[in-house]
Amino acid sequence: MDRRTFVKTAIAGSALSAAPALPALAGPGTLRIGLITPPSHQWSKSAEALAARLAEASGGRIALSVHAAGQLGSEAQMLQQLQAGALDMAFLTLGELSNRNAQFGALTAPYLVRDMGQARRLLAGATAQELLAKAGRLGLVGLGFGMAGMRQVLLREPAPAGEALQGRKIRTVPLAQELDFWRRVGAAPTPLPLPALYDALANGQIDGMQIDFEGTWNSRYFEHASEMLASDHMIFPMIAVGSGRRWATLSHEDRALIDGAVAETLEELRATYEEIDAIYRAKIEEAGFPVRSVDRSYFSGAVDAWYSEWRVKTPVLERLEAEAAKL
Ligand code: BEZ
């Protein structure tokens with residue numbers, strides 16, 4: 001990519017042409033990607049794989065520098081940087097996007113899919129692609145969906161039945177649909193970002209958390225817990241986005257090259273997640289930590305009540321349900 005082409009903001013005639021000049025790039029042909037996960041997490045490994053793929057596909061012309069572990073700030077801050085053109089790309093959870101357009105949060109509907117295989121296909125499917133296009137209205141370019149492990153529940157004290165969760169502070173991401181689910185369960189949903197989780201669990205700020213097996217093992221959260229409910233109750237999608245302002249400065253060829261490299265990387269990531277849950281669940285169990293499988297009935301009426309409300313609020317949900325039923 002020609003550095004001069006890349007830094008220029010001459011988008012004649014577009015609404016973006018009045019925007020202030022973009023800051024200098026980190027280096028010739030260097031793009032930056034931000035994400036909140038630690039280096040050990042699969043999203044961070046996939047971002048590194050994307051960097052290698054881009055370098056190879058561009059013959060070394062495009063370098064991608066990976067900024068993991070929230071080095072560039074929280075997701076809210078990264079979203080602002082993307083919108084301003086100060087950050088090129090990010091792998092984001094749906095938290096910030098759902099709070100601007102609730103349709104995105106429909107992907108976190110409880111028990112929308114049966115397993116990771118179905119989640120993988122749904123996130124590559126037609127309705128997810130429609131949602132991806134909505135990122136454009138937020139000043140982003142939706143590049144594709146990835147995912148993390150299915151959501152499970154890690155608890156400081158055991159909860160033999162769902163009623164035992166009444167009043168407990170359960171960590172969620174700040175996303176209306178998730179908060180609503182936990183309220184309906186009778187718990188006190190407590191939104192916290194990933195980097196805050198270890199301390200919050202260790203010092204009793206929360207009684208439990210909605211998390212996956214991978215994070216539970218890699219960040220050793222289970223050391224401060226006594227039971228894990230293997231509930232598989234939600235997909236946890238990741239959205240790969242580019243900055244709309246940056247994209248407008250790229251040549252068609254470079255956009256196509258990046259699109260292709262991201263698509264391959266996300267396909268690989270989604271496939272990897274079909275295996276990851278089982279691998280990390282086994283590690284946790286082998287360490288002697290109790291993991292108990294529960295199904296939809298554990299949350300009694302909360303799931304049905306959730307659907308009654310969110311099918312109305314986010315019409316895309318029924319299309320996702322119909323698509324999932326055919327997978
Ligand atoms: C979380 O906030 O639980 C999370 C964020 C990114 C990847 C996986 C989990």
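Order of appearance sets the numbers: ligands from 1, and atoms from 1 within every ligand. Counting from 1, the numbers follow the sequence of the chain as shown.
Per-residue contacts place His41 under 4.0 angstrom from the following atoms of ligand 1 (heavy atoms of the residue considered): 7 (C), 8 (C). Listed by number with element, the atoms of ligand 1 under 4.0 Å from a non-hydrogen atom of Thr93 are 5 (C), 6 (C). Residue Val173 has at least one heavy-atom neighbour below 4.0 Å for each of these atoms of ligand 1: 2 (O). Against a heavy-atom cut-off of under 4.0 Å, Ile211 is close to the following atoms of ligand 1: 3 (O). Annotation for ligand 1: atoms under 4.0 Å from non-hydrogen atoms of Thr37 are 6 (C), 7 (C). Heavy-atom contacts of Arg151 reach the following atoms of ligand 1: 1 (C), 3 (O), 9 (C) (cutoff under 4.0 Å).
At a threshold of 4.5 Å between non-hydrogen side-chain atoms, the residues Ile258 and Leu31 count as touching.
Cation-pi geometry between Arg245 and Trp247 is not met at under 6.0 angstrom from the ring centre and within 45 degrees of the axis.
In summary, the side chains of Glu323 and Thr127 do present a donor paired with an acceptor at a separation below 3.5 Å, with no hydrogens or angles considered. No hydrogens or angles considered: nothing links the side chains of Gln152 and Asp212 as a donor-acceptor pair under 3.5 Å. Thr265 and Arg53 are linked by a side-chain donor-acceptor pair at a separation below 3.5 angstrom, with hydrogens and angles left out of the test.
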Passes side-chain contact (heavy atoms from CB on, under 4.5 Å), Tyr273 versus Phe236? Steps please. CA-CA 11 Å; Tyr273 270 101; Phe236 196 69; over 6 Å; no
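Between Arg171 and ligand 1, a contact under 3.5 Å exists for at least one N or O pair.
Protein heavy atom in closest approach to atom 9 (C) of ligand 1: Phe236 CE2, 3.6 Å.
By the 4.0 Å heavy-atom criterion, Glu75 is excluded from the residues contacting ligand 1.
Neither the backbone nor the side chain of Leu197 has a heavy atom within less than 4.0 Å of ligand 1.
For Tyr298 and His233, the gap between ring centers reaches or exceeds 6.0 Å.
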